[in-house]
*Asks:* 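Starting off with a structure, shown below.
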Amino acid sequence: MVNTEFVEALASDAPTPGGGGAAAYVGALASALASMVGNLTVGKKKYAAVEELMQNELRALADTRLRLLELIDGDAAAFAPLAAAYGLPRATEEEAAARHAAIQAALVEACEVPLAIMDQCLLVIESCSFVAKNGSVMALSDAGAAAVLAKAALQAASLNVVINIGSMDDAARATSYRERMDDALAAGGVLADQVYDSVLKRLA
């Protein structure tokens, strides 16, 4: 049942998948775990009042999960031109200038993808909050675990943003990316911690 292909690829000496792909994968796992809570809730008379809302949340989680799985490959695709640019010759001024321009162009997508991963992880955390409050109490610990995983994925993806904006010449773009990253970290971190703390109290 366990698919080890991605894990083994991650463990290899290949540059991709790397941290960004791992973040997207963990985010997808968090989405799947939150979906499990929802699926254990729908159809139960005890939770009939939230049936429709939970069904909507399950559809949203499925969309988010699919997008995160797509972003695993998206992260690898964004890294490839950056790695190629760093490998360009720089023996002459012209070569050095061309190499620098190629790096600057590739850095944009290398930031956009982890930011997209962060956006999706934030959506997962929001869904975790909903299922923790409204889902089956039998799966309450899973809702908390999903929030913890999604927060970890959010933070992991942010590191790819940090490392890439540090090499950007475009200060305005770098600042914009940092602000987007900081906003997602703040919002997602606070909400995930709230979910975790609430679940812990209810389980104790």
Side-chain angles (χ1 to χ4, degrees), residues 1-8 10-11 17 19-72 75 114-162 180-204:
M1 183 177 177
V2 177
N3 186 341
T4 62
E5 183 179 352
F6 177 81
V7 175
E8 292 304 318
L10 190 63
Y25 188 74
V26 172
L29 291 177
S31 172
L33 191 54
S35 292
M36 186 191 80
V37 180
N39 281 315
L40 288 170
T41 304
V42 296
K44 304 293 193 301
K45 290 182 180 179
K46 181 178 178 179
Y47 303 102
V50 295
E51 174 81 17
E52 184 176 350
L53 290 174
M54 191 64 73
Q55 292 283 9
N56 291 339
E57 206 65 46
L58 282 168
R59 284 189 286 271
L61 280 163
D63 290 343
T64 305
R65 185 161 61 255
L66 176 61
R67 179 61 180 141
L68 282 163
L69 291 172
E70 291 172 346
L71 285 165
I72 295 174
D75 182 71
L115 283 168
I117 293 170
M118 293 184 73
D119 288 342
Q120 296 303 311
C121 288
L122 181 55
L123 292 176
V124 175
I125 292 170
E126 290 171 352
S127 291
C128 290
S129 178
F130 178 84
V131 300
K133 292 175 182 175
N134 300 285
S136 170
V137 294
M138 299 299 292
L140 181 59
S141 62
D142 297 296
V148 171
L149 290 173
K151 180 186 176 184
L154 181 78
Q155 292 175 317
S158 75
L159 296 176
N160 277 13
V161 181
V162 173
R180 284 175 59 187
M181 177 192 74
D182 287 343
D183 288 347
L185 283 172
V190 168
L191 185 55
D193 287 346
Q194 288 174 347
V195 174
Y196 175 80
D197 290 342
S198 173
V199 167
L200 198 59
K201 289 177 182 177
R202 291 169 65 189
L203 290 175

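Computed from a predicted model, the values in this text were never measured in an experiment.
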*Asks:* Taking the side chain as every heavy atom from C-beta outward, state whether Val137 and Arg202 have any atom pair closer than 4.5 Å.
*Replies:* yes
*Asks:* For residues Leu154 and Ile125, determine if any side-chain heavy atom of one lies less than 4.5 Å from a side-chain heavy atom of the other.
*Replies:* yes
*Asks:* Distance check, rounded to the nearest 0.5 Å: Leu58 atom CG versus Thr41 atom OG1?
*Replies:* 8.0 Å
*Asks:* What are the two closest non-hydrogen atoms of Pro114 and Ala157, and how far apart are they?
*Replies:* CB-O, 3.5 Å
*Asks:* I need the single residue from Val131, Asn134, Leu140 that forms a side-chain contact (heavy atoms from CB on, under 4.5 Å) with Val37. Which is it?
*Replies:*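 Among Val131, Asn134, Leu140, the one that satisfies the side-chain contact (heavy atoms from CB on, under 4.5 Å) with Val37 is Val131.
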*Asks:* Within this structure, what is the CG-CZ distance for the pair Leu123 and Arg67, rounded to the nearest 0.5 Å?
*Replies:*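 So the CG of Leu123 and the CZ of Arg67 are separated by 11.5 Å.
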*Asks:* With rounding to the nearest 0.5 Å, note down the distance linking CG in Leu61 to CE in Met36.
*Replies:*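 Leu61 CG to Met36 CE: 12.5 Å, rounded to 0.5 Å.
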*Asks:* Locate the shortest heavy-atom distance separating Arg180 from Leu115; write the atom from each residue and the value.
*Replies:*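 Where Arg180 meets Leu115 most closely, the heavy atoms are NH2-CB, 3.6 Å.
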*Asks:* Could you measure the distance from the CE atom of Met54 to the CD atom of Glu57? Nearest 0.5 Å is fine.
*Replies:*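 The CD atom of Glu57 is 7.5 Å from CE of Met54, to the nearest 0.5 Å.
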*Asks:* Looking at Lys133, I'd like to know if its NZ atom is crowded, meaning that more than 12 non-hydrogen atoms belonging to other residues, nucleotides or ligands lie closer than 6.0 Å.
*Replies:* no
*Asks:* With a 3.5 Å distance limit and no angle check, can you tell me whether Gln155 reaches the backbone of Leu185 through a side-chain donor-acceptor pair?
*Replies:* no
*Asks:* Could you give the distance from CG (Leu10) to CD (Glu5), rounded to the nearest 0.5 Å?
*Replies:*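 If we round to the nearest 0.5 Å, Leu10:CG and Glu5:CD are 12.5 Å apart.
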*Asks:* Report yes if some heavy atom in the side chain of Leu40 is under 4.5 Å from a heavy atom in the side chain of Asp142; otherwise report no.
*Replies:*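 Answer no - side chains too far apart.
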*Asks:* Give me the atom names and distance for the closest heavy-atom approach of Glu51 to Lys44.
*Replies:* OE1-N, 4.5 Å
*Asks:* Measuring from atom CG of Leu200 to atom CG of Asp193, what distance do you get when rounded to the nearest 0.5 angstrom?
*Replies:*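 Nearest 0.5 Å value for the CG-CG distance: 11.5 Å.
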*Asks:* Between Ala30 and Ala150, which heavy-atom pair has the shortest distance, and what is it?
*Replies:* CB-N, 3.7 Å
*Asks:* When you look at Val190 and Gln194, which way does the side-chain contact (heavy atoms from CB on, under 4.5 Å) test go after all the steps?
*Replies:* CA-CA 6 Å; Val190 168; Gln194 288 174 347; 3.6 Å; yes
*Asks:* Just wondering, do Asn160 and Ile117 contact through their side chains at under 4.5 Å, heavy atoms?
*Replies:* no
*Asks:* Tell me, which pairs form a side-chain hydrogen bond (donor to acceptor under 3.5 Å, both in side chains) where one or both residues lie in residues 22-37, sequence neighbours left out?
*Replies:* Ser31-Arg65, Ser35-Arg65
*Asks:* Of all the heavy-atom pairs spanning Ala156 and Ala23, show the shortest one and how long it is.
*Replies:*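 Nearest heavy atoms, Ala156 then Ala23: CB-CB, 3.9 Å.
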*Asks:* Provide the closest heavy-atom pair for Gly144 versus Val195 in the form atom of the first, atom of the second, distance.
*Replies:* CA-CG1, 4.4 Å
*Asks:* Within a 6.0 Å radius of atom OH on Tyr47, are there more than 12 heavy atoms belonging to other residues, nucleotides or ligands?
*Replies:* yes
*Asks:* If you define the side chain from C-beta out and look only at heavy atoms, does anything of Asp75 sit under 4.5 Å from Leu71?
*Replies:*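 No, their side chains stay 4.5 Å or more apart.
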*Asks:* Quick check: do Cys128 and Val148 have side-chain heavy atoms less than 4.5 Å from each other?
*Replies:* no
